[in-house]
Structures are given as structure tokens and as C-alpha cells.
Q: 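Attaching a single structure in C-alpha cells format; questions to follow.
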Amino acid sequence: MSRLFGTDGVRGLANGLLTAELALSLAQAAAVVLGHERMAEGQRPRAVVARDPRASGEFISAAVEAGLASAGVDVFDAGVLPTPALAFLIADLGADFGVMISASHNPAPDNGIKFFARGGQKLGDELEDAIESQLTREIFRPVGVGVGRIQRFADAEDRYVVHLLSTLPNRLEGLRVVLDCANGAASGCSPEVFKSAGAEVFVIGAEPNGLNINDGVGSTHLEQLQAAVLEHGADLGIAHDGDADRCLAVDHEGAMVDGDQIMAILAVAMKGAGRLKDNVLVATVMSNLGLKIALGEAGISVRETAVGDRYVLEGMRDGGFTLGGEQSGHVIFADYATTGDGVLTGLQLAAQVARTGRSLKDLATIMTKLPQLMINVKGVDKQRARTDEGVTEAVAQAQLELGQSGRVLLRPSGTEALVRVMVEAGDMVTATRICTELAAVVELRLALQH
């Protein structure tokens, strides 16, 4: 049987893989695994539950809350809120754990269940495995006073908004900002925060109906945001995804500013303010080489991790570093959050535009993105991608040709029989040629035997 938990919780088609029965069982299992310390003290554990506005989130959250309460957990229902808001509220309330029902940037028919431990920390593999293992064991069923209670977390959004505003280094007066909330979890709180911070705000993608989340809007579809920024003559645009744990931006001319550029701007600002621990940024191997070059010139080193925000978090925790993130727009501020927070990131970015008086376009010139091409080579033995002599020799030759002005990255897929070949170079012609040649070598050398 394959592992139920993926890279970001349990995710799949709602009422397909992710049924009410599975949601209830997962909640009962999580109650035992994540609430055992409180139970051992003879007390009921406390959990915070939130969701994005998908229609399926209504029945899944009801099942999760029923499962938790039936297993002796007191539940605080925070309603529709971003994933990072849930993580903050777990710590703020002193709860034992939390559950987020969301499929992030996926389309509306999908959904997911993600657990957070005490303090709003993401679970490691060992805790996820323990929950999965608990599914096959006898269910804990307290009775009488041992049964959990469910109550509305009435001031959940207010607490989160106050927290976000407390992180601002300066106000946003004079800025015109367009927000694209992806018809998702940030539709209420993001406009409120930016307005409270002093910005003039224009909002799109903030009319969730349960079925339109990420539908042609948000960080995976920037076209409407780009048009709105130009229409309103805005200084910048901010795009969230469905659960608002990421942020991409658009400058005043409508050009995209990605996660690498955002991290470059914020890393330099934090270094200047003496808030960048050891002058280190933590980023994944997929970040553009231009980020590393630019920050190196600014006296900042980049620590690389495997792809995934959980690995960025691990790298940050290991060194006590204060800033990390991904090209996709997951940016983590260790001083203020335990996970990527798109609203927080947007606020901090806007604050730099307001503080410096420079346009976002100008700030983003701190780094030059090298042309990057990726080819997915399918139907190959991905296990031999790093050991086959022909492949490793071809990679070494390509890297030798590129020198310091480019790089090669081979990444076996975690779920499919394919290898991703990525090449960065000083120009797209070179990147395309080398990437195509390497992909051909991978296909020839690693072809599956039928």
C-alpha cells in the first residue's frame, strides 16, 4: 500500500480519494498521535481547524471536527482562513495541534488535509507515519466528560490581522496596490490588512463561491492581475494562491516579479536592517543561479536545500536562519511565521517599495534571471539518474562548458517514471542546446527495458 501522506499532507479529489470517512479517521488518528501529551496529563487536547473556501471543505471540516471531538479533543473552528493564519493561531492560542483543509493552488474539485504540531510547526515524516499507522489500530473513544467540544474561534481573523500589522517596518501610505486573492482563503483578511496598513487597495479574485478558487486568478494565473495593475495605475500587484501561503508580484509595468526576486529584495533589506542571521538566505536548488550571483555581490550567501518548503524550513531551523523560500513564492520569515505566508510576504515587499521610494521594477533589478529551460524525460529509470556513467559524464561536460555562468540540474521525479533536466545559461540559445542534448542522453541511457 502506498503512503497516504504526500509532500504536503493528504491531498486528492474530494469525495474520490479524500472522503468524509477518511477525514474522520485521520482526525481520530491525529488526536492520539498529536494529543497524547495532554491526554497523558488527564486533560483534553486542543486543536484549531481552518479551511479554504472550497465547497468540499464544508463537509471535510465537519468530518475532521467530528473525528477530533469524538477522540476527546476540544476544537476551535476558525472558519475560512489562510494556512499561515492557522499556523500562527495554533501558537497564539497555545493549542496542541491544528488541521488545515485546503488543496492550495489546485483546482476546486481537489482538497487536502494538512496537520500542524504544537507551535504551528509542520509535521516531519515520522509523525505523519505515526498518524498513518494509527489508522489501523483501535479507535480511542472517550465517553461522558471525556468527549471533546466544538466552538467557533470568533476572533481568529482579528488576531491574525493584528499580528501581520505588527510586523510592518513602516506604513504603506501613498502606495496603490492591487490584490488578487485567487477567490481563496485570503479574500477577507488580505484586503483588510493592506488597507489598515495605509495602502490604497484594489481587489480582484475575492468573491469565493466554493467553486471558483484558483479559476483563472491567483498566483498561477497572473494575467488579470497584470491588466488590473495597468488599469488602476498601481505601484504593484500581489497575487496569492488558494490558501495564501505563497505570493508572487507584478510591477507597475505589469511584469512578473517571482519568488527569487522577492527574496533578493527582502534579503538585502533585512541585511541592511541587521535582521538577516549570518547574512544567509535559505533557498532550494531550483532557485535561479542569478539569485545566488546577485546576493553574493551583496555579501549574502545562499544555503541550498531540496525542493519543497518543508526542506527550506528544516534548513532554516538547523542554522537558526531568518529568511528562506522558493521560486514559487513560498517565503518564510522565521521571526514572524513558522511557514510560508503570502500576505506577510506581500506586506513586507510593499513596505520596501514605500520605504525606499523606488519602484518594484527598480528594486527587482538587484538580480538578473539567467535563462532557464527544463525538459521532462518520461519513461526512464529515474533511480539511475545519478549513477549511470554516461549520464554523469554528459552532465560533467555540460557543466564544464557552462563554467560559472550556468548550471545543470537533474531531478528524478518523486511520483513518476521521469527525470527533469534543467539547464541555466547566459543565453537561451545555449540553455536550449545543452538541455536538449542532455535530455537525449538521459532518454537513451535510462530507457526502461520492456
Side-chain angles (χ1 to χ4, degrees), residues 167-170 172 174-175 177 219 222 225-226 229 234-239 246-305 312 315-316 321-336 340-342 344-372 404-407 424-428 431:
T167 71
L168 272 177
N170 51 269
L172 307 184
L175 281 191
V177 181
S219 60
L222 291 178
L225 178 61
Q226 291 167 317
V229 166
D235 296 291
L236 71 156
I238 299 293
R246 71 174 68 180
C247 160
L248 293 180
V250 169
D251 69 24
H252 71 285
E253 294 183 355
M256 181 181 80
V257 178
D258 70 13
D260 284 344
Q261 294 166 296
I262 291 171
M263 287 190 291
I265 293 167
L266 296 174
V268 170
M270 288 175 65
K271 178 177 184 277
R275 292 178 37 238
L276 189 67
K277 171 74 183 307
D278 294 343
N279 293 330
V280 168
L281 171 75
V282 180
T284 78
V285 293
M286 289 303 291
S287 276
N288 194 279
L289 180 60
L291 174 67
K292 200 170 189 176
I293 293 170
L295 291 186
E297 293 173 354
I300 298 170
S301 60
V302 177
R303 299 283 179 91
E304 290 186 339
T305 74
V312 174
M316 292 175 69
F321 301 122
T322 46
L323 184 67
E326 298 183 278
Q327 191 179 61
S328 61
H330 281 109
V331 180
I332 304 160
F333 299 84
D335 289 341
Y336 308 127
D341 189 328
L344 174 62
T345 302
L347 273 179
Q348 298 297 322
L349 184 64
Q352 291 310 310
V353 175
R355 182 184 67 83
T356 61
R358 297 168 61 189
S359 69
L360 178 57
K361 178 183 176 67
D362 187 30
L363 288 173
T365 60
I366 188 171
M367 71 167 277
T368 301
K369 289 195 288 185
L370 295 187
Q372 186 181 79
Q404 296 298 309
S405 63
R407 66 175 179 142
E424 288 174 342
D427 60 85
M428 185 52 84

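Index from 1, following the sequence. All values below come from the heavy atoms of this structure, side chains included, with hydrogens, waters and symmetry mates left out.
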Q: Would you mind reporting whether Q261 and K369 have side-chain heavy atoms less than 4.5 Å apart?
A: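 Yes, side chains in contact.
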Q: Give the intermediate values and the outcome of side chain to side chain contact (heavy atoms under 4.5 Å, CB included) for residues D251 and D362.
A: CA-CA 9 Å; D251 69 24; D362 187 30; over 6 Å; no
Q: If you look at every heavy atom in S328 and R246, which pair is closest and at what distance?
A: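 For S328 and R246, the tightest heavy-atom pair comes out as O-CD, 3.6 Å.
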Q: At their closest point, which heavy atom of L295 faces which heavy atom of V268, and how far apart are they?
A: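 Where L295 meets V268 most closely, the heavy atoms are CD2-CG2, 4.1 Å.
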Q: Walk me through whether D235 and L360 qualify under side chain to side chain contact (heavy atoms under 4.5 Å, CB included).
A: CA-CA 7 Å; D235 296 291; L360 178 57; over 6 Å; no
Q: How about D260 and S287: does a side-chain donor come under 3.5 Å of a side-chain acceptor?
A: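 Short answer, yes.
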Q: Supply the atom-to-atom distance H330 NE2 to L248 CG, rounded to the nearest 0.5 angstrom.
A: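 The NE2 atom of H330 sits 10.0 Å away from the CG atom of L248.
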Q: Could you measure the distance from the CG atom of L344 to the OH atom of Y336? Nearest 0.5 Å is fine.
A: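 Nearest 0.5 Å value for the CG-OH distance: 8.0 Å.
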Q: Shortest non-hydrogen contact from A425 to A431?
A: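 Scanning both residues, the minimum pair turns out to be CB-N, 3.7 Å.
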Q: Could you tell me whether a side-chain N or O of N170 sits under 3.5 Å from a main-chain N or O of A351, the two making a donor and an acceptor?
A: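 Judged by distance alone, yes, a pair lies under 3.5 Å.
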Q: Any donor-acceptor pair under 3.5 Å linking the side chain of T322 with the backbone of R275?
A: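 Yes, T322 side chain to R275 backbone: donor-acceptor pair under 3.5 Å.
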Q: Of the non-hydrogen atoms in V312 and I332, which two are nearest, and what is the gap between them?
A: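 Answer, listing the atom of V312 first, then I332: CG1-CD1, 4.0 Å.
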Q: So, applying side chain to side chain contact (heavy atoms under 4.5 Å, CB included) with L281, which one of E304, R303, M263 is it?
A: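 Among E304, R303, M263, the one that satisfies the side chain to side chain contact (heavy atoms under 4.5 Å, CB included) with L281 is M263.
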Q: If every non-hydrogen atom of G315 is compared with every non-hydrogen atom of F321, which pair is closest and at what distance?
A: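 That closest heavy-atom pairing would be O-CD1, 3.7 Å.
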Q: Please lay out, stage by stage, how M367 and N288 fare under the test side chain to side chain contact (heavy atoms under 4.5 Å, CB included).
A: CA-CA 10 Å; M367 71 167 277; N288 194 279; 4.3 Å; yes
